[in-house]
Student: 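Have a look at this one before I ask anything.
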Amino acid sequence: MTKTHVTTTINGEVTEFLCEPGATLLAVLRNELQLTGTKEGCGTGDCGACSVTLNGRLVCSCLVLGVEAEGAEIGTVEGIGGIDKLHIIQEKFLEHAALQCGICTPGLIVSTKALLAENPEPTEKEARYYLAGNLCRCTGYDKIIRAVMDSAEAMRGDA
Amino acid sequence: MSEAREYKYIGRRTIRPDGFDKVTGRANYGADLSLPGMIWGKILRSPYAHAVIKSIDSSKAEAHPDVMAVVTYQDYPAVSSGGFEPGDGPTDLCDLARNILADDKALYHGHAIAAIAARTEAAAEEALSLIDIDYEVLPPVMDVADAMQPGSPVLHEDLFTKGLAEQPEKASNIATRMELKKGDIEAGFAAAEVIIERDFYTPTVHQGYIEPHATTVRYDEDGQSMIWCSTQGHFDVRASTAKLLSMDLGKLKVIASEIGGGFGGKTTVYLEPVALMLSKKSGRPVKMVMTRDEVFRASGPGSATRSTVKIGAKKDGTITAMQAKLCFEAGAFKGSPMGPGCMTVFTPYDVENIYIEGYDVVVNKPKVAAYRAPGAPQAEFAAEMVINELADELNIDPIELRLQNAAKEGTQTVYGPKLKAVGLVECLEAAKNSPHYKQALAENQGRGLAAGFWFNIGGQSSVIINMNPDGTGTIVEGNPDIGGSRASMQLMAAEELGIDVSKLNPIVADTEHVPYSATTGGSRTTFATGMAVIEAAQDVVRQMKERAAAVWNVTVEQVDWSDGVAINTAGEDRLTAAEICQGADRTGGQISGRGNINARGAGPSFAVHLCDVEVDMETGKTAVVRYTAIQDAGKAIHPGYVEGQYQGGAVQGIGWALNEEYIYNEDGVMENAGFLDYRIPLASDLPMIDTIIVEVPNAFHPFGVRGVGETGIVPPLAAVATAVSDAIGVRMTNLPCSPPRVLKAIQDTA
Ligand code: FES
Ligand code: FES
């Protein structure tokens, strides 16, 4: 099968790859570009482990084709916080023990960042509904919601 | 156990040492490893729930240009039937072999039949359709009650019921019958003034870990083969795989990746022995990752059950007799958690007369795997529902009724030992005094309460603490960290060594770098591996004191150790751990402590959960509006992760009670094998989950620790179902209390 050449921007870096027409953005990120921070829990848009932003919009990368990344801006967990400084959301997840196994965490960090960009002052209910697409089987969500609400407050305080 | 001991580190909510990697996406899980030259493996699965495999023709697949290996059951050395203990309880090697790849019979829809390795994942997938299989389809048996009927289709012609007075002559689906008793059950019921007997059903459920099974392997003819995989126990992956491929343990290295949830479901092998055989045949590293569909159809699940519980009591609330019949589905091969179900069902109660019978029954569903407190949620659900009905019948508060009959220190369990100090009464008192229990209920709301018990286990754990020349230390352990256990190991080592947590780095080593450690399961890790950490730390301290004594030319007895500093009691001298490590080259070489133990004395953990729900009478949909989980931790090493275990267990239990179930069609095909239709709880389904940590120390652990991981899933089934029953005025005895079932119950009584 002929592969398509795609030029895109991932976490601010211009990136090129060759892609089968049917390959998902998730498969490209993980298998071609070795950006394995984005996880696969289902491949059918039901778990949110593969959450990334596409031109600022939160999407399941398992439901996006690799070729759709052409000319787009992609944001993954690898672009949030880093060696020198964690993002507030990441710090709050650690502080609140909001992860157990951690497989849902990259997706939740990406989704929480998108939530707080859209709505810096969510109610608990709004946070719960925005994050309803991110499954976590370990925590029962209590500590995740606390970390999200605390992040929102801290980020407002910083602004 | 010195209760007065003041802790410096234990009980602190430290940041977990592996946290940075996990919030930044750097942590590597099962599917995250690729190797040079790697190819992809895929499995062909049975489209029938029950069928004879008459022939397999893989010649067309083998001719495909991208296919590099095809593997079936026939590629493995013959194994003989017989128990061995690779992981969570005994496994029959023959059954294990026939589960990873079917022999002459497909026993469930999704049963692995053959595997292909090809250059790309897509090519492997495509080539599966080139394998020709001739099946003779048989009628499936999908329910434990049907499977126990004399005329039922039989899965295994060589399965004869164990545990009967007389050895049966005919094969059946009942693998084992067991019986537990105490006192005189007839006399117990004769003494009762009220007797309640009910039947219960719980469905097949899945552990539902978010990370699918995944592995990358490399077979090496002469040297060292390697398996990288997501597992709760890499030593047991090594044991099972080495047995199936007839290899020496020393020739197989297993590296545990970070693990994205397990809950018991990653205590066995599915892909690893298949991937390694594909690698052997192709000469290439092989990666295999299950889809979510495969996870549902061919891994896990937890047993469906049918049970009957009968309880008799006096009018004053004294329980005189408890009786249960528990029938557990094992899936396609024997070995459901029926045993622990029987052992736990009535353990929260100190009652004289008990009779329990259990059945382990095969059906055409995937072979069940352990699921958090395996067997206990289903069994105790039935018991707790009857206890709650009894409380209503006697007009006694459900907490008071339980307090009146609660198991406590000295209670004779039906399965053997007398209980040591346990925290059930303390949990019940905490429930009684909680703000939750005092809250008034609104319209269409109901309340439920239930107790839960789980034994917890100990077992073998190995830990090495290597001190570095700058006084920092590496804690080398062999238990995959599934929920923050590295943080607990770090805290316990810091406490014992008197060295700050920031200077101690816990790592999970592969099977070559630390001696055998039993699987992360049975709530054993913080307890047993924690004990090994303490022992290794004490070994380090002993050596530190010897070195200081040598420097000062005094006896070891004259050296004290406090806060990470050696003190010469015969003088003014002090040496810090860092100074001793820096000078280790001059005092006899580097310092390294060991703790290789087989831990006994795991303390059981009791819990009490309180649940308030609101039911929409028009639709039958239930919302949990208030929830409190109360549980005895013995001693909470890291309270944040202890609370997390309570909350996670509670919410899995809420899912089990309200929505989760395998739905099969009449051909035995699961119809909801995805997260959209097998609905685990979402953030928007839940309230905050309040927790109360009760601490009744376990006398057998230096810090008083009890395992906390599993008990939390035991009470929710009955707590939630009782709350729903309370709201709608109908007793819900069949799970899940999903909207259609609840609506039907409402309409049937209207
Ligand atoms: S992997 Fe994309 S939503 Fe689950
Ligand atoms: S922490 Fe394990 S799935 Fe969320």
Side-chain angles (χ1 to χ4, degrees), chain A residues 20 22-23 27 30-31 34-47 49 76-78 80-83 86-87 89-91 93-106 109 124-125 127-146, chain B residues 13 15-16 18-29 31-34 121-122 207-212 258-263 289 291-293 481-484 487 638 640-641 643-652 654 674-676 680-686 688-691:
Chain A
E20 302 272 0
R30 290 182 51 81
N31 299 338
Q34 303 301 322
L35 289 169
T36 53
T38 305
K39 303 300 180 192
E40 175 161 3
C42 67
T44 50
D46 300 318
C47 78
T76 74
V77 68
E78 285 91 348
I80 303 175
I83 298 288
L86 287 177
H87 191 281
I89 297 169
Q90 292 166 318
E91 281 173 359
F93 266 65
L94 291 177
E95 226 173 82
H96 286 272
L99 49 143
Q100 286 177 29
C101 79
I103 195 81
C104 65
T105 310
I109 301 271
E124 182 194 323
K125 193 169 178 184
R128 285 185 180 277
Y129 274 87
Y130 194 96
L131 299 175
N134 289 85
L135 299 182
C136 173
R137 188 59 156 172
C138 300
T139 65
Y141 304 102
D142 182 294
K143 292 182 187 300
I144 291 174
I145 296 300
R146 285 176 206 277
Chain B
R13 294 174 188 253
I15 300 293
R16 64 194 283 173
D18 53 333
F20 180 90
D21 282 354
K22 286 181 176 161
V23 296
T24 55
R26 284 173 172 79
N28 292 314
Y29 290 80
D32 294 345
L33 180 72
S34 294
E121 197 177 5
Q207 293 79 352
Y209 31 81
I210 304 299
E211 179 201 30
E258 293 304 327
I259 173 168
F263 314 107
V289 182
T291 63
R292 178 57 53 184
D293 186 83
D481 180 352
I482 203 160
H638 189 302
Y641 290 106
E643 291 161 0
Q645 288 300 317
Y646 293 5
Q647 292 165 334
V651 168
Q652 273 186 322
I654 290 171
F675 279 138
L676 189 62
I680 70 172
L682 316 176
S684 53
D685 292 339
L686 295 161
M688 290 299 188
I689 307 294
D690 292 334
T691 55

Student: Please check if the side chain of Arg30(A) supplies one atom and the backbone of Ala31(B) the other of a donor-acceptor pair under 3.5 Å.
Tutor: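 Looks like yes, one N/O pair under 3.5 Å.
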
Student: What residue, out of Leu35(A), Val77(A), Ile89(A), has the most heavy-atom pairs lying under 4.5 Å from chain B?
Tutor: Val77(A)

Student: State, to 0.1 Å, how close Gly41(A) and Pro212(B) come at their nearest heavy-atom pair, and which atoms those are.
Tutor: O-CG, 3.9 Å

Student: For each of Thr139(A), Thr38(A), Thr105(A), tally heavy-atom pairs with chain B at distances under 4.5 Å, and name the one with the top tally.
Tutor: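 Looking at each of Thr139(A), Thr38(A), Thr105(A) in turn, Thr139(A) comes out on top.
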
Student: Any donor and acceptor pair, going by atom type alone, linking the side chain of Arg292(B) with main-chain N or O of Glu40(A) inside 3.5 Å?
Tutor: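 Between the backbone of Glu40(A) and the side chain of Arg292(B) there is no qualifying donor-acceptor contact (under 3.5 Å).
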
Student: When you measure from the side chain of Gln90(A) to the backbone N and O of Val23(B), does any donor-acceptor pair fall under 3.5 Å?
Tutor: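 Here the side-chain-to-backbone pair exists.
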
Student: Tell me, side chain or backbone of Tyr129(A) under 4.5 Å from chain B's heavy atoms, or both, or neither?
Tutor: both

Student: Please give me the minimum heavy-atom distance between Cys101(A) and Tyr29(B), naming the atom from each residue.
Tutor: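 Shortest heavy-atom separation between Cys101(A) and Tyr29(B) comes out as O-OH, 2.7 Å.
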
Student: Drop me the distance from Asp293(B)'s CG to Cys42(A)'s SG, to the nearest 0.5 angstrom.
Tutor: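 Asp293(B) atom CG to Cys42(A) atom SG measures 11.5 Å (nearest 0.5 Å).
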
Student: How long is the gap from CG on Asp142(A) to CG on Asp690(B), to the nearest 0.5 Å?
Tutor: 7.5 Å

Student: Answer yes when Arg128(A) and Asp685(B) have at least one side-chain N-carboxylate O distance shorter than 4.0 Å, and no when they do not.
Tutor: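 Result for this pair is no, no salt bridge flagged.
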
Student: Which answer fits Leu86(A), side chain, backbone, both or neither, if we ask what part of it has an atom under 4.5 Å from a heavy atom of chain B?
Tutor: side chain

Student: Using side-chain heavy atoms (C-beta onward) and a distance below 4.5 Å, is Leu135(A) in contact with Leu682(B)?
Tutor: yes

Student: Pick whichever of Ile109(A), Asp46(A), Asn134(A), Thr76(A) has the most heavy-atom pairs under 4.5 Å with chain B.
Tutor: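 Option with the top pair count is Asp46(A).
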
Student: Hey, is the main chain of Pro681(B) close enough, under 3.5 Å, to the side chain of Tyr141(A) for a donor-acceptor pair?
Tutor: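 Pair found, side chain donor or acceptor close to backbone of Pro681(B).
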
Student: Starting at CD of Glu78(A), measure out to CZ of Arg26(B) and round the result to the nearest 0.5 Å.
Tutor: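 That separation rounds to 8.5 Å.
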
Student: To the nearest 0.5 Å, what is the distance between NZ on Lys39(A) and CG on Asp32(B)?
Tutor: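 Spacing of NZ (Lys39(A)) from CG (Asp32(B)) equals 3.5 Å.
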
Student: What part of Thr24(B) lies closer than 4.5 angstrom to a heavy atom of chain A: side chain, backbone, both or neither?
Tutor: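 Thr24(B) touches chain A through backbone and side-chain heavy atoms alike.
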
Student: At a heavy-atom distance under 4.5 Å, which candidate from Gly484(B), Ala487(B), Gly261(B), Gly208(B) has the highest pair count against chain A?
Tutor: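 It is Gly208(B).
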
Student: Hey, what do you get for CD1 (Ile103(A)) to CD1 (Ile482(B)), rounding to the nearest 0.5 Å?
Tutor: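 These two atoms lie 11.0 Å from each other.
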
Student: Where does Asn31(A) contact chain B at under 4.5 Å (heavy atoms): side chain, backbone, both or neither?
Tutor: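 Answer is side chain: those atoms of Asn31(A) sit under 4.5 Å from chain B.
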
Student: Which atoms of Phe20(B) are under 4.5 Å from chain A, going by heavy atoms: the side chain, the backbone, both sets, or neither?
Tutor: both

Student: Which heavy atom in Leu131(A) sits nearest to a heavy atom in Ala683(B), and how many Å separate them?
Tutor: O-CB, 4.4 Å

Student: Does any backbone or side-chain atom of Glu258(B) lie under 4.5 Å from a heavy atom of chain A? Answer side chain, backbone, both or neither.
Tutor: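 Contact with chain A is absent: no heavy atom of Glu258(B) under 4.5 Å.
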
Student: Measure Cys138(A) against the heavy atoms of chain B and call it side chain, backbone, both or neither at under 4.5 Å.
Tutor: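 Contact with chain B: backbone and side chain both.
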
Student: Side chain, backbone, both or neither: which part of Ile259(B) has an atom under 4.5 Å from a heavy atom of chain A?
Tutor: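 For Ile259(B), the backbone is the part near chain A, not the side chain.
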
Student: If you round to the nearest 0.5 Å, how far is CD of Gln207(B) from CZ of Arg137(A)?
Tutor: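 Reported value, rounded in 0.5 Å steps: 8.5 Å.
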
Student: Is it the backbone or the side chain of Thr44(A) that comes under 4.5 Å from a heavy atom of chain B, or both, or neither?
Tutor: neither

Student: Please confirm whether the backbone N or O of Gly644(B) pairs with a side-chain atom of Gln100(A), one donor and one acceptor, at under 3.5 Å?
Tutor: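 Pair found, side chain donor or acceptor close to backbone of Gly644(B).
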
Student: At a heavy-atom distance under 4.5 Å, which candidate from Lys125(A), His96(A), Glu124(A), Glu95(A) has the highest pair count against chain B?
Tutor: Glu124(A)

Student: So which residue, Ile654(B), Val289(B), Val651(B), Ile210(B), ends up with the most heavy-atom pairs under 4.5 Å with chain A?
Tutor: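 Looking at each of Ile654(B), Val289(B), Val651(B), Ile210(B) in turn, Ile210(B) comes out on top.
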
Student: Heavy-atom distance under 4.5 Å to chain B: side chain of Leu99(A), backbone, both or neither?
Tutor: both

